[in-house]
Each structure stands twice: as C-alpha cells, then as structure tokens.
Amino acid sequence: MDAKQLGKVAVLMGGRSAEREVSLMSGAGVLAALQSKGVDAHAFDPAERDLGALKREGFARCFIALHGRFGEDGTVQGALELLGIPYTGPGVMASSVAMDKLMTKRIWLAEGLSTPAWRQVHSADETRAAFAALGSPMIVKPVREGSTIGLTKVLTLDECDAAYALASGQDPMVMCEQFIAGDEVTCPVLGTGAEARALPVIRIVAPDGNYDYQHKYFTDDTKYLVPCGLPEGEEAAIQALVLKAFLTLDCRGWARADVMIDGQTRKPYLLEINTSPGMTSHSLVPMSARATGLSYEDLCLSVLASAALDNGAPATV
C-alpha cells in the first residue's frame with residue numbers, strides 16, 4: 001500500500017467523554033505510527049476544533065481514536081457521513097448500538113448469543129431489588145460508558161446505594177449485571193463482512209481479579225496472556241462467538257469484544273463490544289495483532305485503509 005495514496009488523514013483524539021485522557025494516549029500512538037509509515041497524518045481534537053474544519057482543510061479520511069460518548073457512539077460517525085469523509089470502525093448504527101450495553105444485550109440475546117443476566121434500574125431501591133434477583137456478586141455500571149468508569153462490583157446489599165449513585169453520576173441509564181466468576185478474556189476482530197476474522201484471544205489476569213481503570217491503563221500489575229493458555233478448543237469457540245457478535249451488530253473494520261468464561265461450566269458470556277478500541281501501550285488489540293506477526297504500525301495502517309462510509313463507498317486508496 002502506498003501511504004501517499006491515503007491522502008491527508010485526521011487522527012481524531014481527545015474529545016469530550018470521560019475517556020478523554022485515554023483517547024489522547026491512543027491518538028498519540030496512532031499518529032506516530034501512521035507518520036512513521038509515511039502517511040500525511042495530523043492530530044485533530046473535536047473538543048477543541050469544529051468538525052467542519054475537516055472538510056475545509058481537505059482531509060481525505062479519519063482514523064477515529066476517540067473513546068466513549070461523542071466519539072464511539074455514532075455521533076461523530078454521523079457527522080463524518082454528512083461531511084462525506086470516510087472513517088475507521090463501524091458505521092453510525094453499529095456504533096450507536098454497541099455503545100448502549102442494554103441494546104447490545106437485547107440483540108445478542110435475540111440472536112441466541114450468551115450474555116450475563118441483567119436488570120435495568122432507575123433508583124437505589126431498584127438496584128437492591130436487582131441484587132436480590134441476580135445474587136452476589138453483582139456488577140452495577142452505566143449503560144453508555146466504557147473503561148470500567150462508574151462500575152462497582154457489589155458484594156452486599158448495603159453497597160447498592162453507593163453503586164447506583166456512582167453509576168448514575170456517569171449516565172442516567174444504569175444496569176445491574178450477573179457476575180460471572182471465572183476467566184476474563186478479550187478478543188479483537190479485524191475486517192468487514194466475509195473477510196472479518198477474529199484475532200488471538202487474550203486472557204487477562206488482574207490483581208485480585210480487579211481489572212479497573214487504573215489497572216487497565218496506568219499500572220503494570222495486570223498480566224496479559226497470549227497465547228491465552230485456555231483448554232483445547234475453548235479459544236476457537238470464543239473466537240467464533242466474538243465474530244458472530246461482531247457481525248450480528250453489523251460492525252465493520254475492527255472492534256474488540258470482552259468475554260467472561262464461567263469457571264465451573266466453561267461457558268463463555270459476552271459482556272460488551274468496543275467499536276473504537278484502545279491503542280495505548282497497555283491496549284489489547286495491538287497485543288493480539290502482534291501475536292500474529294502484525295506490528296503496531298502495520299495494524300494502524302491496515303485499520304486506516306479500511307475507512308469507509310455507511311453507503312458502502314470506501315475511501316480512495
């Protein structure tokens with residue numbers, strides 16, 4: 001691929017979500033990688049600049065390194081559709097649905113894909129009722145946030161009020177979810193349609209099983225195992241499940257799904273799918289890609305080359 005043919009590229013980073021700090025780190029990595037490959041790439045922060053400048057300044061495509069709301073939820077994707085500028089990752093509808101954990105679960109369940117039991121709650125009282133129904137431990141989290149922001153693992157009834165307050169402070173939509181005890185894994189997907197493929201599964205071993213925001217991005221205490229070391233046949237089954245989850249939501253380009261494996265039954269359960277995965281030094285898609293021989297720089301270039309619009313028109317290469 002001739003990098004010059006990719007045209008002038010905007011790496012969208014930062015933004016206005018609670019994940020701004022991580023997005024800036026992802027964007028800086030992507031920007032450096034693309035520039036090292038000879039791409040005419042430039043940083044662009046939608047929190048500081050009008051998106052209309054993308055058209056006025058002649059950008060040919062965008063690499064979306066935004067995370068969370070206003071970047072991963074279909075809003076920026078819709079704006080780029082109106083501007084006619086192809087972008088990386090899933091389109092408007094897929095991005096919007098995937099950002100909404102409740103809607104994602106409803107679709108997966110309708111398609112026969114396994115996901116933990118849940119309840120949507122609107123108050124601390126409903127959170128306590130969900131605890132009685134789902135049992136302990138229970139996860140309480142905002143419906144439309146990522147990076148474990150606003151998430152609490154509730155062990156006792158007394159913890160429900162604070163957990164609801166924390167989650168609702170991030171998003172008025174709050175959900176409670178059955179906790180699946182066992183192995184925590186993640187699996188990226190690259191490609192579109194029949195060409196989409198699942199990359200190697202990564203097993204995540206966090207201190208005391210607490211894979212929180214700090215352990216995700218800012219410490220080296222978490223272990224990431226690739227090869228994942230799962231029993232024979234399990235990795236292939238998880239890859240098949242994740243690929244179906246990706247295609248069911250009509251995702252394209254790339255994404256990464258998080259899965260819990262029940263420690264007793266070994267049944268995998270889909271938690272959520274990230275349509276603009278992290279690209280920091282601690283991020284998992286580059287780690288999985290590297291296990292197949294794909295470098296960080298080549299991964300960024302491959303994702304950028306997949307930029308497209310919802311009407312099917314790809315970027316000019």
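Because the structure is a prediction, the values reported are computed rather than measured. For the numbers below, each heavy atom of this structure counts, side chains included, while hydrogens, waters and symmetry mates do not.
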For E126, is there an ion pair with R119 - N to carboxylate O distance below 4.0 angstrom? no

Do D183 and R266 sit within salt-bridge range, that is, some charged N less than 4.0 Å from a carboxylate O? yes

At their closest point, which heavy atom of A10 faces which heavy atom of F44, and how far apart are they?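 For A10 and F44, the tightest heavy-atom pair comes out as CB-CB, 4.1 Å.
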
How close do Y296 and G29 get, counting heavy atoms only, and between which atoms?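 Looking at all heavy atoms of both residues, the closest pair is OH-C, 3.1 Å.
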
Distance (rounded to the nearest 0.5 Å) between [X] [atom1] and [Y] [atom2]:
X	Y	atom1	atom2	value
L166	E159	CG	CD	12.0 Å
L199	R290	CG	CZ	12.0 Å
L270	L113	CG	CG	6.0 Å

Does [X] use its side chain to pair, donor to acceptor, with the backbone of [Y] at less than 3.5 Å?
X	Y	value
S306	G253	no
R61	L6	yes
S302	D298	no
E72	S95	no
K8	E57	yes
Q178	I139	no
S288	V285	no
Y269	F179	no
R20	G15	yes
S114	P268	yes

How about [X] and [Y]: do any of their side-chain heavy atoms sit closer than 4.5 Å?
X	Y	value
I238	L230	yes
W254	P188	no
L54	L80	yes
I149	P142	no
E81	Y87	yes
R56	D50	yes
D258	R256	yes
E145	E19	yes

Starting from [Y], can I reach [X] by hopping between I/L/V/M/F/W/Y residues whose side chains sit under 4.5 Å apart?
X	Y	value
I180	L134	no
V226	V259	no
F246	I107	yes
L190	L301	yes
M99	M175	no

Short side-chain donor-acceptor distance under 3.5 Å, S23 and S26: no

Residue among V11, L51, I85 satisfying side chain to side chain contact (heavy atoms under 4.5 Å, CB included) with C62: I85

Which residue in the set I204, L225, I261 passes side chain to side chain contact (heavy atoms under 4.5 Å, CB included) when paired with V185?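 Option passing the side chain to side chain contact (heavy atoms under 4.5 Å, CB included) with V185: I261.
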
Passing option when K105 is tested against Q120, E272, E177 for side-chain hydrogen bond (donor to acceptor under 3.5 Å, both in side chains):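 Single side-chain hydrogen bond (donor to acceptor under 3.5 Å, both in side chains) partner of K105 among Q120, E272, E177: E177.
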
For a side chain to side chain donor-acceptor pair (under 3.5 Å) check, start with the C-alpha distance between D158 and T156, then their side-chain angles and the critical distance, and finish with the verdict. CA-CA 5 Å; D158 292 341; T156 68; 5.0 Å; no

Can you confirm whether R203 is buried at CZ, in the sense that more than 12 heavy atoms of other residues, nucleotides or ligands lie under 6.0 Å from that atom? yes

What's the verdict on salt bridge (Lys or Arg N to Asp or Glu O under 4.0 Å) for R252 and D250, showing C-alpha distance, side-chain angles and the deciding distance? CA-CA 7 Å; R252 68 167 188 252; D250 198 28; over 6 Å; no

